[in-house]
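Quick notes on the structure that follows.
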Number of protein chains: 2
Amino acid sequence: MENVIKVGLVEDDHDIRQLMSFLINGSPGYVCEQAFESCEKAIEAFETNCPDIVLMDIDLPGMSGIEGVRVLKEKLPDLNIVMLTVHEDDEAVFDSLCAGAVGYLVKGLPPIQLLQAIKETFEGGAPMSSAIARKVILSFQPNLPSPLSDREKEVLQMLCGGENYKTIAERLYISTNTVKAHIKNIYTKLNVNTRAEVVSKAIRQKLIR
Amino acid sequence: MENVIKVGLVEDDHDIRQLMSFLINGSPGYVCEQAFESCEKAIEAFETNCPDIVLMDIDLPGMSGIEGVRVLKEKLPDLNIVMLTVHEDDEAVFDSLCAGAVGYLVKGLPPIQLLQAIKETFEGGAPMSSAIARKVILSFQPNLPSPLSDREKEVLQMLCGGENYKTIAERLYISTNTVKAHIKNIYTKLNVNTRAEVVSKAIRQKLIR
DNA sequence: TCGGTAATTACCCAAATGGGTAATTGTAAC
DNA sequence: GTTACAATTACCCATTTGGGTAATTACCGA
């Protein structure tokens, strides 16, 4: 029966909040029954009555929108949160995405586009500008080139799999002493001293697949 | 003098290749002097004469476009590669981005939009659909909730920083035995047995910031 | 109030790890 | 043809780690 998209709104500016909820409620297929001026109030309300999409201002008094995303996603992992911002290419937008937001919209977007973006998000999309998208994809692409030899990369790969000297040696048909030598060289090249560090660095810098 | 954007093209279909290079060369501010029907030829050529943007077909005979991206990015890390595809929401698009492409364009895009996208890419954007963008951001957001207690997360965080029992104990003002106990619990909860494994799992599943 | 969980500490012990040093072989570059 | 580096192996030794077991305190929900 209810094919409407339930939109939640978190925005401290009273006028904007009124305007947006009015707009949403006035559009067939959309409804906004929950509009709050702070994350704190929104979080409490959303826990008992969860909307489909949340529009969240980034700059909020008290708990920031970014922190709000973190908390909401902790409690409601499947909730789709779209940030509202005035600064198109702000670092805060990127941080919001890292915290769990699925996209963002610029404040002042024409109503038609706003509704379109909400619908797109509801259907699995992620509204964002080309510039932010680039930032996002760069953050997960490999940082080439690596200073390691091919053999060392093989060893590193297994190291990250949690394997020990003996197992790695068996897999590569070499002695454990050789494995040890490779690992020592890897440590030197990456400037680390322990297993944990090398695994952390390798994955974070995407030195291994 | 040369404010033109140099576009490289890799596309096996002769007609499409002709058409696109003709289009690009016929547009002020754009030039396409390098159009190839295979990755192999393109890679060789781009190494000596590198374009600003490469448009790369995904489905290519011989080396695939995805593999092509991998190889090109290995040799020319700063090269911007945009994929060309017929299937909008293909897994291959996502894989291309993982391999190092910055975005993709659907074949058959109107000329104006194609040129616009090239320009946007040149200026630091990343052309992609909302759906792909979502996939990309999901791939790097935390997989909440975590089974660990707050204290355990603190310990895990330090573990991933490569710190040992003693250092962690000092930082948290507890005994090394306690640290050990926490780590043992973490291992049990995450079903791992070694440092390397826990670090790997924690980072990959984004259990820590 | 009882039971579960989190946090804390302790001890024992086998296995794994990290650092130092050194040598041989093959290959690629100069 | 010599230099440089990658890959291979070896040995010694101190430190760290991981597993087992057990106990106390505190808090929270039923």
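No hydrogens, no waters, no symmetry mates; every other heavy atom, side chains included, goes into these values. Letters A, B, ... are given to chains in the order of the sequence lines, protein chains preceding strands, and every chain is numbered from 1. All values derive from a computational prediction rather than experimental measurement.
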Check the distance between C:dT17's C1' and A:N185's CG and give it to me in whole angstrom. 16 Å
Can you tell me how far P of C:dA7 sits from CG of B:D150, to the nearest Å? 7 Å
Please identify each residue that fulfils side-chain contact (heavy atoms from CB on, under 4.5 Å) with A:D13, with sequence neighbours left out. A:E11, A:D15, A:I16
From OH of A:Y165 over to P of D:dA10, roughly how many Å is that when rounded to an integer? 15 Å
List the protein contact pattern of nucleotides 24-29 of chain D with one symbol per nucleotide (5' to 3'): B for base contact, S for sugar-phosphate-only contact, - for none; contact means a heavy-atom distance under 4.0 Å. ------
Provide, to the nearest angstrom, the distance between the CD1 atom belonging to B:I186 and the C1' atom belonging to D:dG19. 16 Å
A:S149 side chain N/O closer than 4.0 Å to the phosphate oxygens (OP1, OP2) of D:dA7? yes
Can you tell me which residue among A:V7, A:V31, A:I5 is in a side-chain contact (heavy atoms from CB on, under 4.5 Å) with A:D52? A:I5
So which heavy atom on A:L105 is nearest to which on A:A117, and how close? CD2-CB, 3.4 Å
Are B:T188 and B:N185 linked by a side-chain donor-acceptor pair shorter than 3.5 Å? no
What is the nucleic acid contact for B:Y187, judged by heavy atoms within less than 4.0 Å: base, sugar-phosphate only, or nothing? sugar-phosphate
Starting the side chain at C-beta, find the nucleotide from C:dG18, D:dG18, C:dA7 nearest to B:E152. C:dA7
Can you name the nearest heavy-atom pair linking A:R195 to A:Y187, along with the distance? N-OH, 3.2 Å
Listed by chain and number, what are the side-chain contact (heavy atoms from CB on, under 4.5 Å) partners of B:D12, not counting sequence neighbours? B:D57, B:L60, B:P61
Between A:E163 (CD) and D:dG18 (P), how many Å, whole number? 16 Å
Those residues of residues 172-184 of chain B lying under 4.0 Å from DNA chain C by at least one heavy atom: B:I174, B:S175, B:N177, B:T178, B:K180, B:A181, B:H182
For atom CG of B:L148 and atom P of C:dA6, their distance in whole Å: 10 Å
Scan B:K189 against the nucleic acid and name what it touches under 4.0 Å (heavy atoms): base, sugar-phosphate only, or nothing. sugar-phosphate
Apply side-chain contact (heavy atoms from CB on, under 4.5 Å) to A:V106 and list each qualifying residue two or more places apart in sequence or on a separate chain. A:E88, A:Y104
Quick one: is C:dT17 close enough that its OP1 or OP2 comes under 4.0 Å of any side-chain N or O from A:R195? yes
Taken in chain and number order and not counting sequence neighbours, the residues that satisfy side-chain contact (heavy atoms from CB on, under 4.5 Å) with A:T121 are A:I53, A:N80, A:V82, A:V102, A:P127, B:R134
Within a reach of under 6.0 Å around CG of B:N49, are more than 12 heavy atoms found that belong to other residues, nucleotides or ligands? yes
Figure out the CG/P separation between B:N191 and D:dG19, and round it to whole Å. 11 Å
From CD1 of A:I168 across to C1' of C:dG18 the rounded distance in Å is 14 Å
